[in-house]
*Asks:* 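Have a look at the structure that comes next, please.
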There are 2 protein chains.
Amino acid sequence: MHPVDYNHTILLSHDELTRRQERVRSLMKADASHPDALLITDYANIFYLTGRVFAGQIYLPLEGEMICFVRRPVDLEGDGTVRIRKPEEMAQTIGLNAPARLGLELDITAWSAVKRLSAVFPEAEIINASPIMRMARAVKTDLEIEMVRRSGVAHEEVYSRIPRLYSEGMTDLQLQVEIERESRLKGCLGMFRISGTSMETFMGSLIAGDNADAPSPYDFAMGGAGLDPSLPVGANDSTILPGNTVMVDLNGNFTGYMTDMSRVYSLGEISELARKAHQCSIDIHRMIAKAAVPGTPAKALYEMAMELVKERGLENYYMGHRQQAGFIGHGVGIEINELPVIAPRSRDIIERNNVIALEPKFVIPHTGPVGIENTYRVTDTGLECLTNSPEEIISLI
Amino acid sequence: MHPVDYNHTILLSHDELTRRQERVRSLMKADASHPDALLITDYANIFYLTGRVFAGQIYLPLEGEMICFVRRPVDLEGDGTVRIRKPEEMAQTIGLNAPARLGLELDITAWSAVKRLSAVFPEAEIINASPIMRMARAVKTDLEIEMVRRSGVAHEEVYSRIPRLYSEGMTDLQLQVEIERESRLKGCLGMFRISGTSMETFMGSLIAGDNADAPSPYDFAMGGAGLDPSLPVGANDSTILPGNTVMVDLNGNFTGYMTDMSRVYSLGEISELARKAHQCSIDIHRMIAKAAVPGTPAKALYEMAMELVKERGLENYYMGHRQQAGFIGHGVGIEINELPVIAPRSRDIIERNNVIALEPKFVIPHTGPVGIENTYRVTDTGLECLTNSPEEIISLI
């Protein structure tokens, strides 16, 4: 998109910047707390508003120019860029225009940091900017969708090589490492950007056989014991056995905007139950791809999927077996856990240009995980798939 | 250390658990805010107090038993484990023993989460537990040092293979990916645990040639443009050129406890200035290894190093060139940015069994980064090195 050494703070075109600012401002106006300005610290939100990550703050007033207060790197410049060494220096610039109601990212900024930032604006009432920024980013611009689309193409290329990366007797970790290498050489950035603290992972998850049934502390759809109790999720370095399935759900971040895609491989023949559950996942995708038009409540999509799962008698395996996840889909973009959330008590309404990862999955005892995950764009007539790898279970032998 | 599928919440021996709790409690007693109990949410601190990561809270009173409130995974059990679905359920268990002064991790827990947790204990005065936990973890137990030591051995093995992983014409990224693969196959967990939000990285950094002089937004010793403006640090996929140096500073997390180690490789002959600066870094290591006995102020170590750098006329290249880092060492363990900090205004005092990564480094224009980083344990007579790879610059051709 942009050369990385460009020293202008704003890497977005004027039009793109305006589009994003206007989206945030329209949500500020609509918000019951009526902020006069937002003060943004979070890297993901800074990336959204400038096209790059810097350390510092962005001040976005409802009216007037956005100001980028840059602490690091030291070489950024351009309109609206003010160099600071500490947040207290912002007061000099904003001065008499200090807002009456200032939005900070209260859901993700540490308590001490909120205290320090609010002390810079002692007269301001502090309100929560997190929901506004989450809602803004839930509806992607055309450029953002293009960035997701490019990640999807690279992601598909990596997955197409998976059957060639497997060799007999491999453990789940060994297979994962070969996919990681392939992915990184294709430009995968590696980092998984996650909002908040509900998840930790390295490069995503590859789970095979019985390990799929190990409950994890994190808010992912699937678990896995992991390699160590300090990071208990995903591959556990056990040999992939005949009759096992392997679910690959690895990092699709090639552009700063991620795709999320899972595919299933097997070692030879797998159980009838596993094949049936995999087909059920594909059928859920087809059903929701038609149903998820703008205006649809996200929870209706969850319920529709659950109905099909029950019709087929698969509810004991759905979204896990010993521990079940409470959602089957989520927004994705700069971060892996954006809005909307497809869950039973979600209040989100599907909107045009949401980008949604849908992952109805099953854990089949003694076989492993099945089901697919795709990333979709919401269009006026339903979902457009941005992760077009073959969906059937592919045998590695 | 422990089988990962063990379903007892506490994976530490009784003695080890007692040792860590008593350390935290002695700091609680010494703290001016006098907490009656701490409520711990952070994964790193939960790992410290139990030997595993779970989602939930640990309640550690000054007197009485520690309670693990586990939200996920669903299969944990054992003495002191209470299953909860939401933090509000803690009130039932703690009930009448509610603390008058409750410590929460205010420096790292989001404002909204602090609000929610403090509402569970409406009578309690909330104080900041972050400094207490940081100070507790700064002094390692023998078991913790053993875990760091094991990471160091694996880290050394990976680095010993670097010259064989290079092939002519490689970019920095390509070399990094081959090291990542080697490291992961040796059991590297990949994840870099970092406290707070001052840093982001994937698997650490490999920087070569002029890219070393690209300022980054993060609080690392070195910069690098990175592959994308969404993660502007480290390798930028440029070809490693004759006369360039390459600094490898990649992930040493093999046990949940990390070593931090940097080594420098070159493509053939490099400038006299670069060789001189590299030797200065080694000399600083030798000097500080003797000087850093328990009781030494951390800032005295910084000053001592700076004096040597000035004596040799190298201050323009020290800790970066266009952008200079403000520290030359940091505690390391579960996270990469622990106490003590070796910086000009540090108030930390070196203690026995601190584990410290020391990284006096230089950026030499038109050559690249030089200098080494080692992880040390503080003994009564100075530093014991836990990362024993050869320290000289090794030519890759």
Side-chain angles (χ1 to χ4, degrees), chain A residues 1-2 4-5 11 42-43 47 51-55 72-75 104 106-112 114 128 130 173-174 177-178 180-181 184-185 187 189-191 193 196-198 200-203 214-219 223 225-232 236-237 255-256 322-323 334, chain B residues 1-2 4-5 11 42-43 47 51-55 72-75 104 106-112 114 128 130 173-174 177-178 180-181 184-185 187 189-191 193 196-198 200-203 214-219 223 225-232 236-237 255-256 322-323 334:
Chain A
M1 174 163 69
H2 305 285
V4 279
D5 56 354
L11 293 184
D42 177 57
Y43 292 134
F47 181 61
R52 75 151 76 231
V53 164
F54 63 80
R72 266 194 313 246
V74 296
D75 59 341
L104 298 180
L106 300 182
D107 291 348
I108 49 177
T109 309
W111 191 91
S112 300
V114 169
N128 190 1
S130 290
L173 174 68
Q174 288 166 340
V177 170
E178 299 308 330
E180 286 175 3
R181 174 177 177 275
R184 291 278 286 152
L185 289 173
L189 304 177
M191 198 184 54
R193 234 188 209 105
T197 60
S198 62
E200 299 182 302
T201 184
F202 175 75
M203 198 71 185
S216 123
Y218 305 115
D219 199 15
L227 299 172
D228 190 89
S230 67
L231 185 61
N236 68 345
D237 204 22
T255 64
R322 288 171 64 199
Q323 175 173 291
I334 300 170
Chain B
M1 173 162 70
H2 305 285
V4 277
D5 56 354
L11 293 185
D42 178 56
Y43 292 133
F47 181 61
R52 74 150 78 234
V53 164
F54 63 79
R72 266 193 311 244
V74 295
D75 59 340
L104 298 181
L106 300 182
D107 291 349
I108 50 177
T109 309
W111 190 91
S112 300
V114 168
N128 189 1
S130 290
L173 174 68
Q174 287 166 339
V177 171
E178 299 308 329
E180 287 175 3
R181 174 177 177 276
R184 290 279 286 153
L185 289 173
L189 303 176
M191 198 184 54
R193 235 190 208 102
T197 59
S198 62
E200 298 183 303
T201 182
F202 176 75
M203 199 71 186
S216 122
Y218 305 116
D219 198 14
L227 300 171
D228 190 89
S230 67
L231 185 61
N236 68 345
D237 204 21
T255 64
R322 288 171 63 199
Q323 176 174 289
I334 300 169

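In what follows, every chain begins at residue 1, and chains take the letters A, B, ... in the order their sequences are listed. The shown structure was predicted, so the numbers you read here are calculated from the model rather than taken from an experiment.
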*Asks:* If you count heavy-atom pairs under 4.5 Å between each of S198(A), A214(A), S112(A) and chain B, which one has the most?
*Replies:* S112(A)

*Asks:* With side chains defined as the heavy atoms from C-beta onward, is the minimum distance between P217(B) and P73(A) less than 4.5 Å?
*Replies:* yes

*Asks:* If we only count heavy atoms from C-beta on, is the T109(B) to L104(B) side-chain gap below 4.5 Å?
*Replies:* no

*Asks:* Tell me, side chain or backbone of I108(B) under 4.5 Å from chain A's heavy atoms, or both, or neither?
*Replies:* backbone

*Asks:* Please evaluate residues V177(B) and M203(B) with respect to the criterion side chain to side chain contact (heavy atoms under 4.5 Å, CB included), reporting the C-alpha separation (whole Å), side-chain torsions for both, the decisive distance (0.1 Å), and the verdict.
*Replies:* CA-CA 10 Å; V177(B) 171; M203(B) 199 71 186; over 6 Å; no

*Asks:* What residue in E200(A), Q174(A), E180(A), M191(A) has the most heavy-atom pairs under 4.5 Å with chain B?
*Replies:* E200(A)

*Asks:* Is L231(A) close to V53(B) at the side-chain level, that is, under 4.5 Å between some pair of heavy atoms?
*Replies:* no

*Asks:* Determine the option with the most heavy-atom pairs under 4.5 angstrom with chain B, choosing from S130(A), G190(A), G187(A), A55(A).
*Replies:* G190(A)

*Asks:* Select one option (side chain, backbone, both, neither) describing which atoms of V114(B) are under 4.5 Å from chain A's heavy atoms.
*Replies:* side chain

*Asks:* If we define contacts as heavy-atom pairs under 4.5 Å, which of P232(A), A110(A), G256(A), G196(A) has the most with chain B?
*Replies:* A110(A)

*Asks:* Between CZ of R72(B) and CG of D219(A), what distance do you get to the nearest 0.5 Å?
*Replies:* 4.5 Å

*Asks:* Given a strict heavy-atom distance threshold of 4.5 Å, which part of D237(B) is in contact with chain A: side chain, backbone, both, or neither?
*Replies:* neither

*Asks:* As a quick check of understanding, evaluate side chain to side chain contact (heavy atoms under 4.5 Å, CB included) for L227(B) and R184(A), giving each step before the final call.
*Replies:* CA-CA 11 Å; L227(B) 300 171; R184(A) 291 278 286 152; 4.2 Å; yes

*Asks:* What part of Y218(B) gets closer than 4.5 Å to chain A, counting heavy atoms only: side chain, backbone, both or neither?
*Replies:* both

